[in-house]
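Here is the structure we will look at.
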Number of protein chains: 2
Amino acid sequence: MSPRKSDATRRRLLDAATADFAAHGIAGARVDRIAADAGVNKAQLYAYFGDKLGLFGAVFRLHADAVVNAVPFTADDLPRYAVRLYDAALERPELVRLAAWARLEGVVTDNQVTESPAVTVKLQAIAQAQRDGRVTASIEPQDVLALVLAMALTWSAVGLSATAAPGDPSAAHDRRKRALAQAISGAFGAGRG
Amino acid sequence: MSPRKSDATRRRLLDAATADFAAHGIAGARVDRIAADAGVNKAQLYAYFGDKLGLFGAVFRLHADAVVNAVPFTADDLPRYAVRLYDAALERPELVRLAAWARLEGVVTDNQVTESPAVTVKLQAIAQAQRDGRVTASIEPQDVLALVLAMALTWSAVGLSATAAPGDPSAAHDRRKRALAQAISGAFGAGRG
DNA sequence: ATTTTCTAACTAACTAGTTGGTTGGATTTT
DNA sequence: AAAATCCAACCAACTAGTTAGTTAGAAAAT
């Protein structure tokens with residue numbers, strides 16, 4: 001928008017907002033707290049982002065690409081892709097939480113998720129891997145992708161199981177990653193089914 | 001507590017609270033709205049449940065038990081268990097949403113999830129199925145359970161993919177269930193690994 | 001008559017969003 | 001060069017509405 005506005009202030013607001021929205025969701029986040037944490041006056045926040053939902057949208061868009069895009073997708077090697085996602089979710093749990101909250105609070109629709117270019121590209125890559133005989137052809141690409149994502153995020157903040165934390169013993173991380181890679185290999189490997 | 005208090009009023013409050021908490025989460029739910037929807041005065045709500053969080057706790061415990069009792073666990077046939085969970089999540093999406101919100105808002109800890117009797121029983125059943133050679137022994141029971149749960153809830157409100165709805169064409173449900181059953185069979189079947 | 005269940009009205013604190021005005025540095029005018 | 005002007009960035013204080021939780025007492029039940 002306005003190129004003159006201070007990038008530093010904008011950035012501080014986005015950082016503070018990311019933390020607060022990730023921790024408390026949209027309804028639970030507090031505009032005053034975000035402004036205070038950023039060391040910025042509340043009126044500035046409104047000048048930059050319009051309203052609370054506009055601020056969330058900016059935060060979400062900023063990280064949305066990073067959630068799914070920063071991790072390179074390899075349809076030929078889904079186990080490794082899933083492990084990379086596991087690591088990414090571990091390193092930046094706030095991204096997963098933002099996405100989960102956006103879904104629950106209804107600010108992103110199904111169509112926005114399924115019809116995004118990032119998803120379309122992945123589906124095509126899976127279809128190609130199926131034609132090449134590297135991924136089982138008996139499960140639709142959309143379901144392969146959905147299941148791989150769900151499995152990779154099993155131990156994330158979204159999951160209903162114990163959440164993985166960076167401080168966990170590395171043996172625990174290795175154990176989960178092996179389980180994940182092996183389960184995905186068995187589920188989608190072209191050898192069977 | 002007091003055996004005299006009207007069960008009908010209590011039930012109406014729990015029903016209204018279930019809907020509101022499932023739709024908006026704890027921070028987003030409104031005590032006045034819940035009381036109005038239940039046709040009960042707000043002061044009654046506080047007499048029955050103490051405070052907002054106490055009401056959420058009651059709602060959560062009520063449905064957590066229900067879902068555990070409603071879906072029988074079959075360690076020998078994990079694909080079918082997962083499909084039953086898919087159906088249960090489809091029929092009662094509010095249960096999944098309640099659980100997701102409870103996790104995100106931090107009112108249930110990891111230990112409460114992993115150390116509950118319901119989970120312990122399932123883990124032992126999986127270990128037995130592994131000894132019987134009906135489930136792959138190369139993945140720990142806790143990870144088998146975590147992955148099966150995550151996969152079954154791929155298309156639920158928790159998932160990051162498109163959400164399944166009761167109104168979807170039955171072909172779509174069948175397609176997802178086949179994908180789910182096949183993926184779980186491949187991932188945890190004892191034939192491989 | 002007394003206990004229990006219910007209710008309207010209340011409050012203190014909090015919330016998102018606004019207002020009117022200040023600051024400090026760059027640009028223009030003299 | 002000095003004075004006048006401009007403007008984006010900034011802020012303390014405020015508003016109007018909402019929130020969880022309380023109270024004092026009426027109605028109903030036993």
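In what follows, every heavy atom counts, from backbone to side chain, and hydrogens, waters and symmetry copies are set aside. Since the structure is predicted, the reported quantities are computational estimates derived from the model, not experimental observations. In what follows, every chain begins at residue 1, and chains take the letters A, B, ... in the order their sequences are listed.
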Inset, instruction - Report yes if a donor N or O on one partner sits less than 3.5 Å from an acceptor N or O on the other, where the partners are the side chain of B:N41 and the base of C:dA8; otherwise report no. - result: yes

Inset, instruction - May I ask you to say what B:A29 touches in the nucleic acid, namely base, sugar-phosphate or nothing, with a heavy-atom cut-off under 4.0 Å? - result: sugar-phosphate

Legend entry - Base of D:dG21 paired with side chain of B:K42 (donor-acceptor, under 3.5 Å): yes

Legend entry - Distance below 4.0 Å between B:Y46 side-chain N/O and C:dT5 OP1 or OP2: no

Legend entry - Phosphate OP1/OP2 of C:dC6 contacted by B:T9 side-chain N/O (<4.0 Å): yes

Legend entry - Any side-chain donor near an acceptor of the partner, A:Q182 and B:S138, under 3.5 Å: yes

Legend entry - Option passing side chain to side chain donor-acceptor pair (under 3.5 Å) with A:H24 (candidates A:R30, A:R97, A:R33): A:R33

Inset, instruction - Could you say whether B:G39 or A:I26 is positioned toward the 5' end of DNA chain C, judged by the nucleotide with the nearest heavy atom to each? - result: B:G39

Legend entry - Separation of C:dC6 P from B:Q44 CD (nearest whole Å): 5 Å

Legend entry - A:D32 CG to C:dC14 C1', straight-line distance once rounded to whole Å: 9 Å

Inset, instruction - Round to a whole Å and report the spacing from CG of A:D51 to P of C:dT15. - result: 17 Å

Inset, instruction - Determine, step by step, whether B:E115 and B:V119 satisfy the side-chain contact (heavy atoms from CB on, under 4.5 Å) criterion, reporting the C-alpha distance in whole Å, the side-chain angles of both residues, the deciding distance to 0.1 Å, and the verdict. - result: CA-CA 7 Å; B:E115 287 169 17; B:V119 166; over 6 Å; no

Inset, instruction - Let me know the distance between CD1 of A:I34 and P of C:dA16, rounded to the nearest Å. - result: 8 Å

Inset, instruction - Output yes when at least one side-chain N/O atom of A:R30 is less than 4.0 Å from OP1 or OP2 of C:dC14, else no. - result: no

Inset, instruction - Any chance you could lay out the side-chain contact (heavy atoms from CB on, under 4.5 Å) test for B:K52 and B:F21, step after step, and finish with the verdict? - result: CA-CA 10 Å; B:K52 193 187 187 183; B:F21 280 126; 4.3 Å; yes

Inset, instruction - Among the candidates D:dC11, D:dG21, D:dT23, find the nucleotide nearest to the side-chain atoms of B:A43. - result: D:dT23

